Amino acid sequence: MERALPPLPNVEKYRVVRTRFAPNPDFYIHLGNARPALLSYEYAREYRGVFILRFEDTDPRIKRPLPEAYGAIKEDLKWLGISWDEEYVQSARMELYYGVARELIARGGAYVDLCGREEFRKLKLERRGCPHRDQRPEESLELFDKMLSGHFGEGEAVVRVKTDLALSDPSLIDWVAFRVVDTSKHPHPLTGDRYVVWPTYNFAAGVDDRLMGVTHILRGREHALNTLKQLYVYRALGWEYPEVINLGRLRLEGMILSKSKIKEVLRRSRRAGTDDPRFGTLRSLRRRGILPEVVREIVLEVGVKGTDATISWENVASLNRRRVDPVAPRIMAVFDPVRVVIRGVPRDPSLRTLRLDYHPTNASLGSRTIDLGREEAVELFVSREDLHLLKERGALRLMEFCNISLESESGDRVETRFTGTELEIARKAGLKLVQWVPVRDHVRLDVLKPEGLGLRTLRGLAEASLVGFGPGTLVQLVRVGFVKLEDVYAKERKVKAVYAHD
RNA sequence: GCCGCGGUAGUAUAGCCCGGUCAAGUAUGCGGGCCUUUCGAGCCCGUGACCCGGGUUCAAAUCCCGGCCGCGGCACCA
């Protein structure tokens with residue numbers, strides 16, 4: 001059951017509701033980004049409004065855009081079921097920002113400051129303005145043009161928005177709206193070295209929200225201060241600020257979500273990709289077989305709140321399992337395989353050729369046959385940990401096949417005897433039901449499984465029919481868990497999969 | 001230097017704005033039962049919590065004050 005979203009504030013003030021999602025394309029987006037994205041989209045839809053996607057790529061130096069991220073983010077949004085009506089890239093709107101800057105300076109709402117970061121900081125903490133604060137707008141405009149023409153190097157000149165020297169929070173005082181970035185050294189992936197004067201987030205985002213007619217902003221709580229900053233631009237230009245809803249953070253327990261940590265893992269581990277199953281990126285979740293509906297469900301459940309929420313992986317797995325269980329084919333696979341020889345299995349064809357459904361209730365998934373051959377002894381693999389069950393009780397039930405009892409065991413050779421096919425007898429005897437894989441016909445199966453911050457490859461064997469499924473299929477390995485197939489090599493009889501959850 | 005947020009069962013959260021319907025809801029976990037050729041899923045039953053202290057009130061998880069603990073953010077990142 002999905003919770004209904006609370007109504008947006010002051011919708012009646014606007015002709016149409018316009019919301020936006022504005023990621024920095026410096027990296028792939030993660031579950032945390034899904035919250036504002038999904039909520040903004042949902043609200044736009046609910047109010048028959050407009051949803052805008054805006055790439056905020058105005059820092060070619062520190063948060064340098066990743067060329068492939070633009071497309072990857074769009075892909076991830078589509079995966080989530082999000083579509084957008086308008087799309088913008090800030091680095092393509094530079095002239096617009098310059099125009100607004102000129103107007104703001106002309107109105108005395110901003111000035112060009114040549115004091116340098118440290119000097120300004122010192123003055124600011126004493127609540128004193130720097131000399132440039134009082135220069136005439138014409139002077140600032142002139143300096144601004146010099147900035148644009150490349151006259152100043154990095155750190156030599158900035159445009160500051162005039163706020164209030166008496167502000168108790170010094171970080172608000174005359175914040176920087178434009179700075180110089182040496183794009184000959186740090187070229188922007190889209191515009192190269194065409195621009196050297198770049199708007200800061202607060203300027204570009206603040207201006208764009210106005211220019212794009214955004215009515216309701218849903219963004220992270222960490223932006224609370226930014227709203228106050230942007231308000232000075234709005235006031236100076238006589239604009240009215242949109243409605244703002246600050247959202248708390250969404251974390252995923254046991255998963256690496258932060259960009260910096262992901263990048264660190266990426267640096268350290270050669271085989272890790274941006275969709276590494278340990279990450280909380282949307283592509284990682286997708287790779288692990290988490291359904292987009294589940295992400296949606298979680299985000300809507302957590303709701304439109306300013307409080308942080310930590311989602312437990314158990315919860316994610318549980319929600320996903322509920323949706324996946326009815327449609328995932330069930331296959332037997334064993335890990336750490338041990339060969340078990342079964343004597344005395346009748347050569348009855350109905351016993352030696354098993355026809356098994358892929359799902360107990362979902363008939364549309366079909367079935368497969370397992371041929372156990374006609375040799376005197378039937379040989380199967382079971383998992384080593386299940387061998388203990390056999391040793392403890394002296395007997396075991398091989399699922400869908402027969403009951404066996406232990407005869408002898410030495411080293412890796414386990415001799416057992418067929419004792420019948422009756423499930424009821426096994427039940428009454430309290431035998432464990434165990435999955436198995438025939439020796440004469442099976443495929444190799446490697447499952448990549450995150451364990452804490454590590455990653456392990458479980459090497460095992462699976463029923464041969466596994467190669468009949470294509471990459472991307474979610475299958476349930478009986479008594480093991482759900483895995484998503486990644487690579488299926490039918491000829492080589494090998495399958496690679498990623499562990500989804502229990 | 002400054003700004004802000006939060007502390008509810010093992011875990012994650014709802015409720016708090018607008019005090020009574022909260023002897024606190026949901027999910028997960030755990031225990032038990034039913035069902036089942038999985039130790040899974042489903043269904044049923046059960047388990048277990050309002051950080052501490054003070055105040056306001058007929059009544060406080062909810063409002064106020066203090067304390068303790070945890071977390072986040074800004075200052076030419078977005």
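Lettering of chains follows the sequences in order, A, B, ..., and the numbering in each one begins at 1. As the structure is a computational prediction, the values presented were derived from the model and not from experiment.
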Closest nucleotide among [options] to the [X] side chain:
| X | options | answer |
| --- | --- | --- |
| A:Arg322 | B:C2, B:A27, B:A75 | B:A27 |
| A:Arg321 | B:A27, B:G10, B:A41 | B:A41 |
| A:Leu433 | B:C3, B:U38, B:U28 | B:U38 |
| A:Val158 | B:G1, B:U38, B:C76 | B:C76 |
| A:Pro170 | B:U13, B:G10, B:C2 | B:C2 |
| A:Glu400 | B:A27, B:U37, B:G1 | B:U37 |

> Can you list the residues that meet the side-chain hydrogen bond (donor to acceptor under 3.5 Å, both in side chains) rule with A:Gln435, with sequence neighbours excluded?
Replying inline: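 Only A:Arg479 meet the side-chain hydrogen bond (donor to acceptor under 3.5 Å, both in side chains) criterion with A:Gln435.
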>> Salt bridge check, A:Asp209 against A:Arg20: does any charged N sit closer than 4.0 Å to a carboxylate O?
In response: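 Yes.
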OP1 or OP2 of [N] less than 4.0 angstrom from a side-chain nitrogen or oxygen of [X], does that happen here?
| X | N | value |
| --- | --- | --- |
| A:Arg127 | B:C2 | no |
| A:Arg249 | B:G73 | yes |
| A:Thr58 | B:A78 | yes |

> More 5' along RNA chain B: A:Asp325 or A:Asn315, using each one's nearest nucleotide?
Replying inline: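 Nearest-nucleotide comparison on RNA chain B picks A:Asn315.
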> So A:Phe178 and A:Phe144, would you call those rings parallel, tilted or perpendicular, with 30° and 60° as cut-offs?
Replying inline: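 The rings of A:Phe178 and A:Phe144 stand perpendicular, inter-plane angle above 60°.
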>> Does the plane of the ring in A:Trp436 sit parallel, tilted or perpendicular to the ring in A:Phe401? Use 30° and 60° as the thresholds.
In response: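 Taking A:Phe401 first and then A:Trp436, their aromatic rings sit tilted (interplane angle of 30° to 60°).
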> In whole angstroms, how far is the P atom of B:A78 from the CG atom of A:Leu218?
Replying inline: 21 Å
>> Going by purine N1 to pyrimidine N3 plus the second Watson-Crick contact, or the G-U wobble pair, all under 3.5 Å, which nucleotide sits opposite B:G42?
In response: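 B:G42 is paired with B:C34.
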> What is the base-pairing partner of B:C18, counting Watson-Crick and G-U wobble geometry with both distances under 3.5 Å?
Replying inline: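 B:C18 is unpaired by these criteria.
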